[in-house]
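Data block below; observations after.
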Amino acid sequence: MRWCVWLKKTCRFHAIGHMPNSVSPDQRDPSDSALFLSSPEPPSVMLLNGDCPESLKKEEGAAEPPRENGLDEGEPGDETTGQEVIVIQDTGFSVKILAPGIEPFSLQVSPQEMVQEIHQVLMDREDTCHRTCFSLHLDGNMLDHFSELRSVEGLQEGSVLRVVEEPYTVREARIHVRHVRDLLKSLDPSDAFNGVDCNSLSFLSVFTDGDLGDSGKRKKGLEMDPIDCTPPEYILPGSRERPLCPLQPQNRDWKPLQCLKVLTMSGWNPPPGNRKMHGDLMYLFVITAEDRQVSITASTRGFYLNQSTAYHFNPKPASPRFLSHSLVELLNQISPTFKKNFAVLQKKRVQRHPFERIATPFQVYSWTAPQAEHAMDCVRAEDAYTSRLGYEEHIPGQTRDWNEELQTTRELPRKNLPKRLLRERAIFKVHSDFTAAATRGAMAVIDGNVMAINPSEETKMQMFIWNNIFFSLGFDVRDHYKDFGGDVAAYVAPTNDLNGVRTYNAVDVEGLYTLGTVVVDYRGYRVTAQSIIPGILERDQEQSVIYGSIDFGKTVVSHPRYLELLERTSRPLKILRHRVLNDRDEEVELCSSVECKGIIGNDGRHYILDLLRTFPPDLNFLPVPGEELPEECTRAGFPRAHRHKLCCLRQELVDAFVEHRYLLFMKLAALQLMQQKASKVENPTSLENGGLSPSESKPEDPLGSEVGSQEEGGSASGLAKVKELAETIASDDGTADPRSREVIRNACKAVGSISSTAFDIRFNPDIFSPGVRFPESCQDEVRDQKQLLKDAAAFLLSCQIPGLVKDCTDHAVLPMDGATLAEVMRQRGINMRYLGKVLDLVLRSPARDQLDHIYKIGIGELITRSAKHIFKTYLQGVELSGLSAAISHFLNCFLSSYPNPVAHLPADELLSKKRNKRRKNRPPGAADNTAWAVMTPQELWKNICQEAKNYFDFSLECDSVDQAVETYGLQKITLLREISLKTGIQILLKEYSFDSRHKPAFTEEDVLNIFPVVKHVNPKASDAFHFFQSGQAKVQQGFLKEGCELINEALNLFNNVYGAMHVEICACLRLLARLHYIMGDYAEALSNQQKAVLMSERVMGIEHPNTIQEYMHLALYCFASSQLSTALSLLYRARYLMLLVFGEDHPEMALLDNNIGLVLHGVMEYDLSLRFLENALAVSTKYHGPKALKVALSHHLVARVYESKAEFRSALQHEKEGYTIYKTQLGEDHEKTKESSEYLKCLTQQAVALQRTMNEIYRNGSSANIPPLKFTAPSMASVLEQLNVINGILFIPLSQKDLENLKAEVARRHQLQEASKNKAEEPMATEPEPAGASEDVGSQPQAAKDPSSPSLQG
């Protein structure tokens, strides 16, 4: 029991070096309350790990399905959260720290920090960073490492904590050496390039010249200093060059100052017995920068020089006889260079922004890296050859019991906010540690470094245990998946299972446990890593499984406790409780698919595993003899046989489908009630036989437009009535009259609800499972379920895919690369296997030109995914020594124009003579074959086209890379990035000549590494997310200050759960920055946005589309703070990244070029400005159509630059175009049209004046008396105003009185709407249109009159 309590304490921070607070106090952000934290993603790319954004973004007004289908989780009520939040913000206080050898200093702490966190801070501070082995004493009493500060008696404002040096142990000495090594390497980016220890890259400081805050003060007032604005050639519009090197510019700080030449463990370790008894712990060998070789003893009292040499052991102390508790102090004594450089290094280290140094929660890998020297590093060497288990973990001398940790953290209490935060923080921490350990283990398994537990079996069938994690390979062992597609099914089963684990974890039912699961793709193999159920290895599977089936439904068992637990998940997951027949023809009741197995572990917990069919099957890819699909499916060429039979619908699709059916249900019932009222006839018009396929139900209306908007006119109150009625009937208290019951019953039947008194749609996941049989008594239910599955398959094709294409046409979503396109598809529940169908629809779309970017991204994704499938099997035939040769050969065949690349086989002189002896323990499938070497570009591209046809049902018209680039307008560098990210390849950062026909683009030296591609569960911070959403809603309603407070609160909670680095923290920071900017606090906006950029680079990748957008926002705030050159270099960086990731022809490029053009206009670089603005105009015209308001604005911006250049004819021409658009779109009397007309007059006058002057010159020659022409450089204010307009930021000039009136007006409308809902008794046909339906209630009335009104955003 004590062990459990202690585990709860320690699991809060398991990895000592990676705490959220490893940041020095002077760098803590005062705005973050107790914990040093921060927050997530852009609305354009909702990163909600499989949570359906539609359901999340529902506004309060939208019809909400009754709670039956919603999650049963009690959402934190507003009244409780108010009080709970106060607990988190315990006021901090300051304590004084006395450390040996330095002046006392004070430190700000908070009551719920642990003593350990003060240790972390001291180990990070510049003046105390060399200490690791110490304790803190208050009034002579030592403080416990793991106690919280509030539990320490007598600790208060002004208390003095004394740092006391403690004797070393072997473990402490190792930690000390590791820490010194980390300090020496603190500016060295090699860990980030190598993808270790959760380090990742960030390049923002290269473009901002250090911290933005300071430079802001410096650069004020120098507004018009001459700035060199000319970008490199490759950034200019129209450039065809796409260099790779600028992706990772060399940072000045990376040329590390050399403090030592070598620091390594000595060969004399471990100390012999007689020296152990003198306190020797270990020996180190050091070569100083002055080339002095010394041997150092680490003893219990500290470090000193001994007299050993490389070949002679003499442990006696050497002179100078200096014993130092810290290795750094000793090295300072013996090496002047070390003393000088180490001090400079630490100064630089603490000057870096904390976000450049903090570890990320999950490893991010870089697909390019510069050539780096390989330096000696004792710690790295030791880590590689020990399993690192003994001393890095807190539990001494044993490996971590991952299963126990994962389950214990789930059992932590969740009654109130502080407890929920503690629980979520523990869950998140253990998950990220488990993911890191599982990834390391999976790589070790594939590299052949782990012994199998069944070594005598064939390699594909082997299983492994390492560090208490169970590893299995993605092959079909013992024909388990024979009926489902063999190895192909075995390859997708782990990801389906992971989705199941993710879903059950999100529902979070007490008492139901899932396994920690991580899926790792590495070197062409798929490895599943799972935590181990206690006792599972001692028992036979048949005895263990007490629920579900181990043979896909032939033998099935059930268990009442499992039924009870799974019943609690059935409502949120829409899973139907159903009966199946087992091999003895007995009925067995289940509440999941048959494959889902229930096992009670030796710890008494109820585990479920094999969740690969949590969601219903996708009938479009599962041909069933004798079953007809709806017409929408057959028209699109479905059903198509897929490679495996495990195709499921996504959870987002199930949710969207149920939502769609709910709106349909409401409309039907409202319609019937209206008919009843209108006719007053006794028999209601019944809708029998479920007569509504999705095709009749308004396919053009993907989620049924929000009920109660204009086209519904009066039916809002009808729906309110239905909702009330549905609730009455569901509660079954007999008050509803029979006719109303009939209405609800008919509506339920029509939409396929399983209940006849309330809307409740659930799916039976076993329908169409081969081998599963249903009892006779259930035939009707099975028939309805089959129909429901067909409707869902049709809904995906008739609503979701057209909805996606419509959103892309309207530019409501702006994917920029394959990953963001996949994200957008998945949010709508569209699996990637539908990519070909999406592209077909894009091709047939009337707005085909406006979807050009989507088409290009889609084709690139299709090609790289097909290539990835081929690459996977290609790699499995390559042994380790030929890996770089094989990968570079594949890349040459894929991307190089060189017609016949030759693969380099390993050199003959290294092939031993005895090679024919077959080694038993080879990595899986490593036949000694060189079949890969004969691949040719023609063959590869033929296979890619075939794969695209077979898998995606799309015909590619190309038989070489050059033809693909030509036909589809792709870029080779973009294809290289996509294939590298998908397969984990890391290549050398250099310029590749893809188009050379004389030599191949890649050599084997260009392939630096191959990384794993890892899929894992992302635990969520639910309370923080709740605050974040409320904050967003408040902001949308125009209450900026309240919104800002809520988002700040969300930020604190996110930090509390995730630590300082996370995608969701990034989104929080971005929104905060934007709010501060709108409220006029530029400095705060800059500071938050700088954090958002750093975090996006670190957590999502330096060239992720999200990072590009963050750079653009930061540039705007820099410009507003008069940091013009910084703003320009940030915009140029964003443009370079966008060119690399996609190319020039993207709607977002128009916005970026408008930004660059405006800034250049502001610094009077008119010709350069025109190049960017005219490109933006061309792109806008293509993607928004020549009549769009964005295009009018673009014309106006170009006209202004021509005016500044005094080229009035061109200016007039552009402004006229803009005027015409405003006139046709908005009418003569609109503000914009009038403004444009005024500007035209002004231009005409200037043109006339100029012409007069010219005539005067011509007439009178040079003696003419000419008044000087007035050409004004644009004012910064006017440029900033235009920048705000194009970036969609509205400043609404309102006085306090206006604001009061506005709030009153919003409230009044809200009451009117309420009132109109309550007037449901009146005949609905005559209901007046709800107030505010004609203009959007959310937008402030004044906005329409303001010059920068929302109409500008097209």
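Numbers for residues simply follow the sequence, beginning at 1.
- Side chain of Glu356 to backbone of Ser202: no donor-acceptor contact under 3.5 angstrom is found.
- When all heavy atoms are compared, the tightest approach of Thr1233 to Glu1228 is CB-O, 3.7 Å.
- Taking the side chain as every heavy atom from C-beta outward, Arg977 and Asp817 approach each other to under 4.5 Å.
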- [ ] Any chance you could lay out the side-chain contact (heavy atoms from CB on, under 4.5 Å) test for Met1079 and Cys1044, step after step, and finish with the verdict?
- [x] CA-CA 10 Å; Met1079 298 192 294; Cys1044 207; 3.8 Å; yes
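- His353 NE2 to Leu1094 CG: the interatomic distance, rounded to the nearest 0.5 Å, is 5.5 Å.
- More than 12 heavy atoms of other residues, nucleotides or ligands shown are found within 6.0 angstrom of NZ on Lys1182.
- Screening Leu1137, Ile1108, Thr1107, Leu247 for a side-chain contact (heavy atoms from CB on, under 4.5 Å) involving Ile1102 leaves a single residue, Leu247.
- Side-chain atoms of Glu1215 and His1196 include a donor-acceptor pair closer than 3.5 Å.
- Between the side chain of Ser845 and the main chain of Ala847, a donor-acceptor pair closer than 3.5 Å is present.
- No side-chain donor from either of Glu1042 and Gln1037 sits under 3.5 Å from a side-chain acceptor of the other.
- At distances below 3.5 Å, at least one donor-acceptor pair connects side-chain atoms of Asn1284 with backbone N or O atoms of Leu1280.
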Task: side-chain contact (heavy atoms from CB on, under 4.5 Å) between Leu1243 and Gln1246, worked out - done: CA-CA 5 Å; Leu1243 282 176; Gln1246 283 180 278; 4.2 Å; yes
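- A donor-acceptor pair under 3.5 Å links the side-chain atoms of Thr1224 to the main chain of Ile1221, judged by distance alone.
- Counting only N and O atoms by type, the side chains of Arg1070 and Gln1089 include no donor and acceptor under 3.5 Å apart.
- Tyr1117 contributes no side-chain N or O that, together with a main-chain N or O of Asn1088, makes up a donor-acceptor pair within less than 3.5 Å.
- Tyr1202 has its ring centre no less than 6.0 Å from the ring centre of Phe1208.
- At least one side-chain heavy atom of Cys808 sits under 4.5 Å from a side-chain heavy atom of Val813.
- The side-chain heavy atoms of Ser1275 and Val1279, taken from C-beta on, include no pair separated by under 4.5 Å.
- Between Leu1226 and Leu1189 there is a side-chain heavy-atom pair separated by less than 4.5 Å.
- The OG atom of Ser1169 lies 9.5 Å from the NZ atom of Lys1205; values are rounded to the nearest 0.5 Å.
- Ring geometry, His1214 versus His1195: the interplanar angle falls from 30° to 60°, so the pair is classed tilted.
- Around atom CZ of Arg848, more than 12 heavy atoms belonging to other residues, nucleotides or ligands sit under 6.0 Å away.
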- [ ] Please assess Glu1045 against Lys1034 for the test salt bridge (Lys or Arg N to Asp or Glu O under 4.0 Å), listing each intermediate value before the final yes or no.
- [x] CA-CA 10 Å; Glu1045 282 164 13; Lys1034 277 272 185 267; over 6 Å; no
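- Ring geometry, His853 versus His1146: the interplanar angle exceeds 60°, so the pair is classed perpendicular (tilted spans 30 to 60°).
- To the nearest 0.5 Å, atoms CG (Leu1116) and CG (Leu1131) are separated by 9.0 Å.
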Open item on the list: Could you walk me through whether Met1149 and Leu1139 satisfy the side-chain contact (heavy atoms from CB on, under 4.5 Å) test, starting with their C-alpha distance in whole Å, then the side-chain angles of each, then the deciding distance to 0.1 Å, before giving a yes or no?
Closed with: CA-CA 9 Å; Met1149 190 58 98; Leu1139 289 172; 3.7 Å; yes
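- Residues Asp1167 and Arg1171 are not paired through a salt bridge, judged by the lack of any N-O separation under 4.0 Å between the basic side chain and the carboxylate.
- In this structure, the side chains of Leu1173 and Asp1153 stay at 4.5 Å or more apart for every pair of heavy atoms.
- Residues Tyr1166 and His1161 bring their aromatic ring centres within 6.0 Å.
- Side-chain atoms of Phe207 and Tyr1132, non-hydrogen and from C-beta on, never get closer than 4.5 Å to each other.
- Judged by distance alone, the side chain of Ser1210 and the main-chain N or O of Ala1199 form no donor-acceptor pair under 3.5 Å.
- A donor-acceptor distance shorter than 3.5 angstrom exists from the side chain of Thr1181 to the backbone of Leu1177, with no hydrogens or angles considered.
- When all heavy atoms are compared, the tightest approach of Gln850 to His1184 is NE2-C, 4.2 Å.
- With contacts defined as side-chain heavy-atom distances shorter than 4.5 Å, the pair Asp1145/Lys856 qualifies.
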TODO: Could you walk me through whether Thr1126 and Leu1114 pass the side-chain contact (heavy atoms from CB on, under 4.5 Å) test, one step at a time?
DONE: CA-CA 10 Å; Thr1126 307; Leu1114 184 61; over 6 Å; no
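- Side-chain contact between Arg1098 and Leu201 is absent, with no heavy atoms from C-beta onward closer than 4.5 Å.
- A ring-centre distance under 6.0 Å is not found for His1113 and Tyr1077.
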